[in-house]
Amino acid sequence: MEEHKSINFIEEIVEQDLKDGKYKSIITRFPPEPNGFLHIGHAKSICFNFGLAIKYNGKCNLRFDDTNPETEKTDYVNSIKTDIQWLGFNWDAEYYASDYFDQLYNFAIKLIEKDLAYVDDSTSEEIANLKGTPTSVGSDSPFRNRAIAENLELFKDMKAGKYPDGSKVLRAKIDMKHHNMLMRDPIIYRIKHAHHHRTENKWCIYPMYDFAHGQSDSIEQITHSICTLEFVPHRELYDWFIQQLDIFPSKQYEFARGNMSYAITSKRNLLKLVNEKVVSGWDDPRMPTISGLRRRGFTPQSIRLFWEKVGIQKRENLIDVGLLEFCVREELNKISLRRMAVLDPIKLVITNYPADKTENLSAENNPEDENGGHRSLAFGKELWIERDDFMENPSPKYFRLGVGLSVRLKHAYIITCTNFDKDENGNITAVYCTYNPDTKSGQDQTGIKVKGTIHWVDVKTANTAEVHLYDRLFTVENPGMEEGDILEYINNDSLKIIKNAMIEPSLSEARKEDYFQFVRMGYFCLDTESSADKIKFNRTVTLKDNWAKKK
RNA sequence: UGGCUUAUGGUGUAACUGGCAACACGUCUGAUUUUGGUUCAGAAGAGUCUAGGUUCGAAACCUAGUAAGCCAACCA
């Protein structure tokens, strides 16, 4: 029996449309409003829209939905383009809803001429009051039956700038008693004497979303206009405009947005985190923004894999952030350069090693990559090791150092702990050991087996670096659903700064585009603010740690 | 006194459109390992929101409920 590939409901529609010859090829689009930064949720839409075009050999446009001049900026346009490209996608055409303002205006005229739109002088409160509620019908505006000629005249005067903001609107004439509130004579044009990031001061009237989005789709001959579930009620209006205007019949399909645990994606709350200085900015590595994830060290591939695994569906969801972490570990395990860094150092002294001796050891860059090559590591009498790798009173399951216990120093020798120093506060200040010269890595013939291997950095050649350890930003799984202020659920330990981590010398030459695994500690990358005299690393994610779970 | 959408292990999705629930993450064993990582072998965990019905057979179809989300911005 032939293997049945599982496709989602939208792909089913696409395949059917293609099979029926409804379209020769498909065109999708990603339609961000340039009023903020893209986040992990947008990535789902990006992956899906661009992915569909790739899979079915169609096209995908980038279209900025810039119909509200008061909130939109060219800066956002640029950040959005950067993020999409970083994710690995290329758009076929770059468009702006504002490119269509003239056509949209003419569409509005056409509607007025068909007596399907009218100018309303009511205030926004009056309009809201007459609109009714979801459970009760609305009623007609006193301006609803203006003559076509008068509407035409007034609308032209609106465009000419004869009226102040908010004094008049153009509304579609549909049905004030419609069960769908969006069909109750929706506003399609409003007056805003505002500077637009692209059309500058050409216009003082701007179309609303519902009068711009579908028509823009139609102008671009978008075959499958894919959006999130909250637009389901808009579909009826979307179709109505296209039908009344008799233009290319783009079709809207909706899927559920993806929510991730311990994260928020509402623009309002994201902005709040930035404004309240809970985070350092939109690209703070704890932010679920694309720029934040990038700075944190997530790879584009891992984000694409994540959304591929999640799939497309129509039900509410809360995806475990652990899945994203799994995806990034999976890729980083294959591509990252292994390096050694000691985050919480204590000194280890090898008592039987000559004080003036230095050896250069060979260390593989990546055991998962045969062609990964090797680097040279200096080794000497005094080393930095992790404080956690020594215990004064080790438990039987502890496979690291304690008096009488042996471990291998990664890429070097097997050592046995002999004693240690402690200060008056009970803190360990130094650990002493002896090494076995016959156990050198790669040429060990002794057959001695040890339970643990620990990482280290040579004291004489080590450099220091600042390392940022990140944890989830929120203390609750679904912060967006909690009552009250989002700030009440901030995890105060989401950032731990280590000022003086000891790093092996080769890490001083790290480049911004490198991905590292600090052996046994996790995946790291250089921070965007890192400089030659102040090296800064970000921890992307820890390694899986069975020992931590057992403890 | 409404409309629309949805409901499958802890989480996210499948089930070739009616043939007895599969995959991934997570969890738990064990093996391997110079990373308590990786890899490998295996296990537990849902009987598909509820109640009826159609059918030889229902997660799927029908009916009635229940629950959740969305809809009353001159936002998108």
Side-chain angles (χ1 to χ4, degrees), chain A residues 1-6 8 12 31-33 35 65-68 70-72 120 123-124 127-129 131-138 165-171 178-182 184 187-192 205-206 208-210 212-213 227-236 254 256 258 261 267 309-320 322-327 329-330 333-334 338 340 364 367-368 397-400 407-412 414 439 441-442 444 449-455 477 517-522 542-551:
Chain A
M1 185 176 267
E2 187 153 323
E3 189 109 347
H4 181 257
K5 62 178 189 289
S6 171
N8 65 56
E12 255 172 49
E33 183 189 13
N35 72 343
D65 228 333
D66 56 349
T67 57
N68 186 356
E70 283 161 350
T71 58
E72 294 152 2
D120 194 330
T123 64
S124 63
I127 289 175
N129 289 336
K131 197 136 200 174
T133 71
T135 53
S136 63
V137 298
D165 288 9
S167 59
K168 284 179 169 43
V169 291
L170 183 71
R171 303 177 70 180
H178 204 284
H179 59 81
N180 181 350
M181 294 204 61
L182 287 157
R184 319 236 260 235
I187 293 170
I188 59 180
Y189 261 94
R190 76 290 213 192
I191 302 171
K192 274 180 196 284
I205 56 170
Y206 291 92
M208 298 286 290
Y209 166 84
D210 286 302
H213 199 102
C227 61
T228 47
L229 246 31
E230 64 269 30
F231 290 96
V232 168
H234 293 254
R235 188 176 60 230
E236 196 170 14
E254 312 86 10
S261 63
K267 263 178 197 168
K309 283 178 177 292
V310 167
I312 298 293
Q313 71 307 110
K314 289 184 93 154
R315 62 184 99 112
E316 286 288 307
N317 58 73
L318 185 63
I319 305 148
D320 189 346
L323 184 60
L324 214 211
E325 295 176 345
F326 165 83
C327 292
R329 283 190 189 108
E330 183 166 79
N333 177 51
K334 290 188 206 128
R338 269 56 171 182
M340 295 204 283
E364 60 192 345
E368 306 293 319
K397 286 280 204 177
Y398 186 74
F399 300 155
R400 307 177 193 175
V407 297
R408 174 174 290 281
L409 293 170
K410 180 84 177 166
H411 303 305
I414 290 177
T439 58
S441 196
D444 185 347
K449 292 279 178 197
V450 289
K451 285 264 178 59
T453 298
I454 66 171
H455 59 100
E477 207 178 24
Q517 182 196 109
F518 290 178
V519 174
R520 301 207 303 138
M521 302 308 285
T542 59
L543 257 30
K544 265 174 72 179
D545 189 351
N546 282 316
W547 168 243
K549 277 190 289 193
K550 274 183 190 140
K551 276 194 300 188

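In the text below, chain A, chain B and the rest are named by the order of the sequence lines, each starting its count at 1.
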Check this for me: does the side-chain of A/Arg315 come within 3.5 Å of the base of B/rU6 through a donor and an acceptor? no
Is the A/His234-A/Tyr209 ring centre distance short of 6.0 angstrom? yes
Classify the side chain of A/Gln313 versus the base of B/rU6 as yes if they form a donor-acceptor pair under 3.5 Å and no if they do not. no
Within the structure shown, what part of the strands sits under 4.0 Å from A/Gly311 by heavy-atom distance: base, sugar-phosphate, or nothing? nothing
Looking at every strand, decide which applies to A/Glu477 at a 4.0 Å heavy-atom threshold: base, sugar-phosphate, or nothing. nothing
Can you give the dot-bracket line for RNA chain B, using ( ) for pairs inside the strand, [ ] for pairs that cross earlier ones, | for pairs with another strand and . for unpaired bases, where Watson-Crick and G-U count if both distances are under 3.5 Å? .((((((..((((.....[..)))).(((((.......))))).....(((((..]....))))))))))).....
Under 4.0 Å between any heavy atoms, over every strand shown, what does A/Thr71 touch: base, sugar-phosphate, or nothing? Just pick one. nothing
Ring centroids of A/Tyr209 and B/rA76 base under 5.5 Å with planes under 30°: no
Contact class for A/His411 vs. all strands (heavy atom < 4.0 Å): base, sugar-phosphate, or nothing? base
How would you label the contact of A/Arg329 with the nucleic acid (heavy atoms, under 4.0 Å): base, sugar-phosphate, or nothing? nothing
Separation of atom CD in A/Glu325 from atom P in B/rU38, rounded to whole Å: 13 Å
Any donor-acceptor pair under 3.5 Å between the side chain of A/Arg520 and the base of B/rG36? no
